Amino acid sequence: MLLFSPVTVTLTGVLMLFCLKRLGRYWVSSLILACGVLFYALADIIMFFDEAVTGKFAMGELIATIYLFPNYLFGTSVAVYFLQKLKRTELYQFLVNVFVFTSFGLVAFRHILIYLGSYEILTRSELLRVYLYFSINFFILIMLFNMYCMIAAGGGIKPTNIMILGIFVYIIFDIPYTYLQAIGQDPENDYTNLFYVLCMMLMACGLYFQVKKEYDFKLKGYEYSERTAKRTSIFVTVGILASLVLRCTNHIDRDEFFFIVLPMLVYWLTYSVLHNGALNEQLLKQRDILTGLYNRRYSAVILADSVRQAQDSGRKFAIFYADLNSFKPINDSYGHDMGDRVLKEFGSRMLALPSDYVSFRTGGDEFMIVKNGVESEADLDATAVHLQRLFNTPLNLDTYIFTLSGSIGYALYPDDSKETDNLIRYADAAMYSVKHSANKDDFKRFDKGLVASVEKHKSLENRLKDADPAKDFELRYQPRIDAGTGKTVAVEVLPRLKSEEECTAYELLPIAEEVGLMNRLGKWIIETALDQQKKWRDEDGKNIAVSVNLSPLQLLDKDFLTRLRKITESDGLDPSGILLEISNEAIMGASTAVRQTLWDLNKYGYHLVLNDFGGGNINLSQMQDCGLTAINLSPSLVLGEEDKKVKTLIKAIVSMAMELDIKVCAIGVESREQAEALGKMGITCLQGFYYGKPLSAEDFKNSQYF
């Protein structure tokens, strides 16, 4: 046993150390556990040399002291684990629980000592040492019991329970060992040592299988419900009454009585404070902290009440979904603090609505409003108009005036559905339909035809949330043709999701902005497009300009220009062969920082192109200030080129562009007749399906336009 124990325990400790790498942030508690095992091995090794090699038995006290370290380290390991795993309030409750039951254990242990006849024969120092050792060991046992209960309730895994069992049995065996040592008896025997070794092997096995199987589990937190509050009150009341009975019958003395009652009162007081805190937290969770509106999680409660009211009164209720338009530019240009103030102002407006309205904040700039007591279609339309005005009314904040609007969709109970989940989905679908239409400042009621388009949008949104540009996207190239020579002067770079051919760049890019993918995607598009441009130049001797769509978010990125210049210079590319397309929205909402970026891009030789000219609001003075070199005519004008008024408008645009030395490109050309007519109007270059669909780099290289 003298040789078996140190060898086995040392190997057990080494095995535990090898498991640490794969334990994530919980490696510290496992390291402390392994150190406890290695301390035991150290004591065994010293004992082996002291008894088997030297035969002097001179280091008995040192060995006995070292043997005390493992259980302290095992207890510390469990405590550190709880510190990492539990929330602060749960940790308070856990500590109080452990202290209370430890105090009960100390009273019970005193009576056990009296029963064994040891209480009177132990000296004061020996008694204090026994109490100290016992209280620490019992504290550890209570921690382990709590840990087992929390893991089991949270769906714990068996290997973890094996490790807990190993520590638990070790501590149980350590209590009589400590007691026998305190009263002057020799506790050492081979069977006890064998049990200690087996316990540590159980700890190592539990840890090994935890790592091997990659089990994950959660600790079940404390429940602060009315039921548990009642149960706690009963427990404390019964405990105090039982203590009174024991005191009156002289089974416990006065000190022991207070040693039980005071921890019970502390336990009850702590639980009451934490219970009230949990109720307050639960109440706060019903409300959005910023706006004071209900949050989406609480909508089920409110909607269930609305259903009951509708059924009792025979009236209907409607769910309105609203999304703020032009909120993102405020957030990006004026900062999140200003954005929060805007949301808070809209929250205040919704809180001021009459009592038959209930409002929720469901996302960043999305809101849901429930209107109870709807009696007719006219009432429904009047409500929609009222909410539209709520969002359209300008906000005055400090010296700023912000004019926003809301895209609103709604669904009616029970006409559209009797299921509240469906009503929410339908209202959301109608809102998305408005959001992605030509007139975002509008409202619309749900109809069945919206389902397919909205489901597609949602599907793309879910896919893009976890997308990796390099793995999930590919670039397509569509030729841009000189109207006079018929030769390719540039290619527009268009991203496509792999295996999603039907999704155009104009569908993908707005959703990429919504889900926060745009910066990474935009960076990948630029790098890949310029790398392809370099290949065409170096491998095929073709200097083909590339035209890349920029998001307003990229223009707000202070590192965008630096990265672009670095790639351009390292690849030896000509900036004039890189066309950067920007939207009307980027021009209209251009902040000082964005305007400076546009000027810098122009200064370094990059060509700026305005997209969809004539298809939305434009500010001619800002357009001139941004240093544009070309404009892309809106496809809506190209499609209507046969109309006399549209033809006159196109000629006016071309004339103005020529005066400003700006080239005009027509996008969306679908026939030879269109191409010839637009060329006669002075359009310099043409792009559209007439010249080919967007192609992969390889297919474009093999096409007639390369």
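As the structure is a computational prediction, the values presented were derived from the model and not from experiment.
At least one donor-acceptor pair under 3.5 Å links the side chain of T648 to the backbone N or O of K644. Of the possible polar contacts, one joining the S570 side chain to the I567 backbone as a donor-acceptor pair under 3.5 Å is found. In this structure, the side chain of D574 does not engage the main chain of G577 through any donor-acceptor pair within 3.5 Å. Of the possible polar contacts, none joining the Q687 side chain to the P479 backbone as a donor-acceptor pair under 3.5 Å is found. The closest donor-acceptor contact from the side chain of T488 to the backbone of A490 lies at 3.5 Å or more, if one exists at all. Not one N or O on the side chain of S433 forms a donor-acceptor pair closer than 3.5 Å with the backbone of A429. A side-chain donor-acceptor contact under 3.5 Å links R361 to the backbone of G364. Using modelled atom types, no side-chain atom of D571 and backbone atom of L573 make a donor-acceptor pair closer than 3.5 Å. Looking only at distances, a side-chain donor or acceptor of R537 sits under 3.5 Å from a matching main-chain atom of G572.
Taking the ring centroids of F346 and F391, they lie under the 6.0 Å cut-off.
In this structure, E659 and I662 have side chains that are not in contact, with every pair of non-hydrogen atoms separated by 4.5 Å or more. Counting heavy atoms from C-beta on, the side chains of S547 and V491 never come closer than 4.5 Å. Residues M16 and Y208 are not in side-chain contact: their nearest non-hydrogen atoms beyond the backbone lie 4.5 Å or more apart. At least one side-chain heavy atom of F367 sits under 4.5 Å from a side-chain heavy atom of L293. Between L494 and N549, some side-chain heavy-atom pair lies under the 4.5 Å cut-off. At a threshold of 4.5 Å between non-hydrogen side-chain atoms, the residues H607 and S576 count as touching. Within the 4.5 Å cutoff, side-chain heavy atoms of R672 are placed close to those of Y690. Taking 4.5 Å as the limit, some side-chain heavy atom of I526 sits within range of a side-chain heavy atom of V548.
How far CG of L637 is from CD1 of I650: 5.5 Å, rounded to the nearest 0.5 Å. Within the model, atoms CG of D600 and OG1 of T597 stand 6.5 Å from one another, a figure rounded to the nearest 0.5 Å. I631 contributes atom CD1, which lies 11.0 Å from atom CG of D612 (distance to the nearest 0.5 angstrom). A distance of 9.5 Å separates CD of E569 from CG of L564, quoted to the nearest 0.5 Å. In this structure, the separation between CD1 on I319 and CZ on R425 is 12.0 Å, given to the nearest 0.5 Å. Atom-to-atom distance recorded for D531:CG and L475:CG is 10.5 Å, nearest 0.5 angstrom.
Classification of the Y410-F443 ring pair by plane angle, with boundaries at 30° and 60°, yields tilted.
Among pairs with a residue in residues 649-684, none fulfils ring-ring contact (aromatic ring centres under 6.0 Å, His included), at least two apart in sequence or across chains.
Within a 6.0 Å radius of OH in Y705, other residues, nucleotides and ligands contribute more than 12 heavy atoms. Heavy-atom neighbours of D661 CG from other residues, nucleotides or ligands within 6.0 Å: at or below the threshold of 12.
For the pair L678 and V669, the tightest heavy-atom approach, listed with the atom from each and the gap, is CD1-CG2, 3.9 Å. Looking at every heavy atom in both residues, S407 comes nearest to M431 through O-CG, 3.2 Å. The minimum heavy-atom distance linking I683 with L686 is given by the pair CG2-CD2, 3.8 Å. Closest of all the heavy-atom pairs between T568 and P575 is CG2-CG, 4.1 Å. When all heavy atoms of D441 and N325 are compared, the pair lying nearest together is N-ND2, 4.2 Å. In plain terms, the two heavy atoms of Q554 and F560 that are nearest each other are O-CB, 3.4 Å.
Cation-pi geometry between R565 and Y604 is met: under 6.0 angstrom from the ring centre, within 45 degrees of the axis. A cation-pi arrangement is found for K542 relative to F706, the charged atom lying closer than 6.0 Å to the ring centre and inside a 45° cone about the ring normal. Judged by a 6.0 Å distance limit and a 45° cone about the ring axis, K435 is not positioned over the six-membered ring of Y432.
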Query raised in the report: Is there a side-chain contact (heavy atoms from CB on, under 4.5 Å) between L31 and L17 once you walk through the steps?
Result: CA-CA 7 Å; L31 174 63; L17 290 175; 3.8 Å; yes
Query - Chi angles and distances behind the side-chain contact (heavy atoms from CB on, under 4.5 Å) call for L464, L497 - result: CA-CA 9 Å; L464 291 181; L497 262 175; 4.0 Å; yes
Query - Test log, rule side-chain contact (heavy atoms from CB on, under 4.5 Å), inputs K498 and D472 - result: CA-CA 6 Å; K498 292 178 180 177; D472 299 319; 5.9 Å; no
Report task. Begin with the C-alpha distance, continue with both residues' side-chain angles, and end with the deciding distance and a verdict on side-chain contact (heavy atoms from CB on, under 4.5 Å) for M368 and F320. Result -> CA-CA 6 Å; M368 184 173 80; F320 291 81; over 6 Å; no
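Using a cut-off of 4.0 Å between Lys/Arg side-chain N and Asp/Glu carboxylate O, R480 and E581 are scored as salt-bridged. Looking at E676 and K680, no side-chain N of the basic residue comes within less than 4.0 Å of a carboxylate O on the acidic one, giving no salt bridge. The existence of a salt bridge linking E461 and R463 is excluded, since no basic side-chain nitrogen approaches an acidic carboxylate oxygen closer than 4.0 Å. Electrostatic pairing of D398 and R341 counts as a salt bridge here, judged by a charged N lying under 4.0 Å from a carboxylate O.
Tested against I582 for a side chain to side chain contact (heavy atoms under 4.5 Å, CB included), the candidates V609, N611, L601, L598 yield a single pass: L598.
There is no side-chain donor-acceptor pair under 3.5 Å between Q533 and N543. Side-chain contact check for N392 and S405: no donor-acceptor pair (N or O, by modelled atom type) lies under 3.5 Å.
Remark: D365 pairs with D323, L324, F327, L343 by the side-chain contact (heavy atoms from CB on, under 4.5 Å) rule, at least two apart or across chains. Every side-chain contact (heavy atoms from CB on, under 4.5 Å) that L695 has, sequence neighbours left out, goes to D699, F700, S703.
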